[in-house]
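To start, the structure itself, in structure tokens.
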There are 2 protein chains.
Amino acid sequence: MKNENYEIDITQCPIAPVQKVISGKWNMVIIYFLSQGVMRFGELQRKLPGVTQAALTKQLRLLEEYKMVHREIYKQVPPKVEYSLTETGIKFLPVLTALEEWATEYQVLESSALS
Amino acid sequence: MKNENYEIDITQCPIAPVQKVISGKWNMVIIYFLSQGVMRFGELQRKLPGVTQAALTKQLRLLEEYKMVHREIYKQVPPKVEYSLTETGIKFLPVLTALEEWATEYQVLESSALS
DNA sequence: CTGTATCCTACGAGATACTG
DNA sequence: CAGTATCTCGTAGGATACAG
């Protein structure tokens with residue numbers, strides 16, 4: 001009961017199955033920041049202006065489910081939770097780097113060639 | 001009136017501004033298929049099982065706006081429209097390749113390490 | 001501090017029917 | 001063939017309040 005409702009099953013396109021991982025408003029941004037090191041919930045939230053606790057939590061749970069991020073809970077008061085990339089998440093970084101490079105170029109285009 | 005309503009403006013994360021380009025259910029898949037060559041509307045639709053004309057059209061218009069795809073209209077009856085990647089779109093391919101590689105590995109994980 | 005639990009709204013995207 | 005025009009629905013994601 002995890003991807004039964006996900007109708008994209010195209011054998012012709014290898015990226016279709018992982019489309020959900022890269023979608024989502026904050027996914028990539030979260031991964032980006034986590035690539036710089038382990039972070040606590042609050043830290044992460046402060047990095048993402050405009051995200052609400054509820055939204056951030058939901059996104060993190062998703063990324064956890066996708067095995068992208070690891071959640072380390074410290075049993076203490078006040079609570080402390082640290083997020084970090086998993087092996088799979090780390091293997092994803094080349095994608096992020098490529099995207100980052102492209103984004104930089106793209107921005108140049110946007111400010112020159114576009115209206 | 002194009003990104004005024006797009007509140008992510010984080011200077012700290014370079015990929016935030018292009019997040020919209022990679023989101024969307026079909027964007028990446030479309031780019032993937034267009035990377036294999038110029039395609040007509042109908043061809044593209046047949047490649048994407050489950051997509052409706054309305055949805056595909058909308059996505060293509062978006063990708064056009066993002067300067068990712070080029071739309072070539074042949075003034076004739078019946079109409080013929082060909083879609084292809086722009087320069088920006090082609091520069092994006094490394095990202096797609098990286099994602100593709102990762103996706104392949106990821107699939108392996110999903111079928112072995114996951115329940 | 002790090003969450004849940006609701007409520008609410010905007011938007012993506014499918015279904016369907018119609019046009020040049 | 002390649003679109004538009006509506007309608008509808010599900011869901012992502014914001015606001016807010018409360019909890020351990």
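Residue numbers start from 1 in every chain, and the chains themselves are labelled A, B, ... in the order their sequence lines are given, proteins ahead of strands. Quick caveat, the model's predicted, so the values are computed rather than measured.
- Legend: residues meeting salt bridge (Lys or Arg N to Asp or Glu O under 4.0 Å) with Lys58(A), ordered by chain and number and at least two apart, are absent.
- For Arg61(A), a side-chain nitrogen or oxygen approaches OP1 or OP2 of dT4(C) to under 4.0 Å.
- Atom C1' of nucleotide dT11(D) and atom CD of Gln19(A) are separated by 14 Å, given to the nearest angstrom.
- Counting to the nearest Å, the C1' atom of dA2(D) and the CZ atom of Arg71(B) are 9 Å from each other.
- Between the side chain of Asn27(B) and the main chain of Val21(B), a donor-acceptor pair closer than 3.5 Å is present.
- Summarising the geometry, the separation between CD on Glu72(B) and P on dA2(D) is reported as 13 Å, rounded to the nearest angstrom.
- Using a distance-only test at 3.5 Å, with no hydrogens or angles considered, a donor-acceptor pair links the side chain of Thr86(B) to the main chain of Lys67(B).
- Taking 4.0 angstrom as the limit, Tyr83(B) places none of its side-chain polar atoms (N or O) nearer than this to OP1 or OP2 of dC1(D).
- Side-chain nitrogen and oxygen atoms of Gln59(A) include none within less than 4.0 Å of the OP1 or OP2 phosphate oxygen of dA12(D).
- Counting all heavy atoms, side chain and backbone alike, Leu34(A) lies closest to Met39(A) at CD2-CB, 4.0 Å.
- Using a 4.5 Å heavy-atom cutoff, the side chains of Met68(A) and Glu64(A) are not in contact.
- In this structure, CG of Leu63(A) is placed 11 Å from P of dG13(D), rounded to the nearest angstrom.
- At the heavy-atom level, Tyr74(A) lies nowhere under 4.0 Å from the strands shown.
- When side chains are defined from C-beta on, Ile30(A) counts as touching Leu56(A), because their heavy atoms get closer than 4.5 Å.
- Taking atom NZ on Lys20(B) and atom P on dA12(D), their separation rounds to 17 Å, with Å as the unit.
- A side-chain donor-acceptor contact under 3.5 Å links Ser23(A) and Gln19(A).
- Nearest approach of Val29(A) to Ile15(B), heavy atoms of both residues: N-CD1, 3.7 Å.
- Rounded to an integer number of Å, the gap from Trp26(A) CH2 to dG13(D) C1' is 10 Å.
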Problem - Footprint string (nucleotides 15-20 of chain C, 5' to 3'): B base within contact, S backbone only, - free, heavy atoms under 4.0 Å - result: B----B
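- One can place CZ of Phe41(A) at 11 Å from C1' of dT4(C), the figure rounded to the nearest angstrom.
- As a whole-Å value, the separation of Met39(B) CE from dC1(D) P is 14 Å.
- Note on the helix from dC1(C)-dG20(D) to dG20(C)-dC1(D): terminal axis deviation equals 50°, with five pairs used at each end and the result rounded to 10°.
- At least one donor-acceptor pair closer than 3.5 Å links the side chain of Tyr106(B) to the backbone N or O of Tyr66(A).
- Checking the phosphate oxygens (OP1, OP2) of dC1(C), no side-chain nitrogen or oxygen of Arg40(A) falls inside 4.0 Å.
- For Lys58(A) against dG13(D), a side-chain-to-base donor-acceptor contact under 3.5 Å is present.
- Using modelled atom types, no side-chain atom of Trp102(B) and backbone atom of Thr97(B) make a donor-acceptor pair closer than 3.5 Å.
- When each of Leu60(B) and Ser23(A) is assigned the nucleotide of DNA chain D bearing its nearest heavy atom, the one mapping closer to the 5' terminus is Leu60(B).
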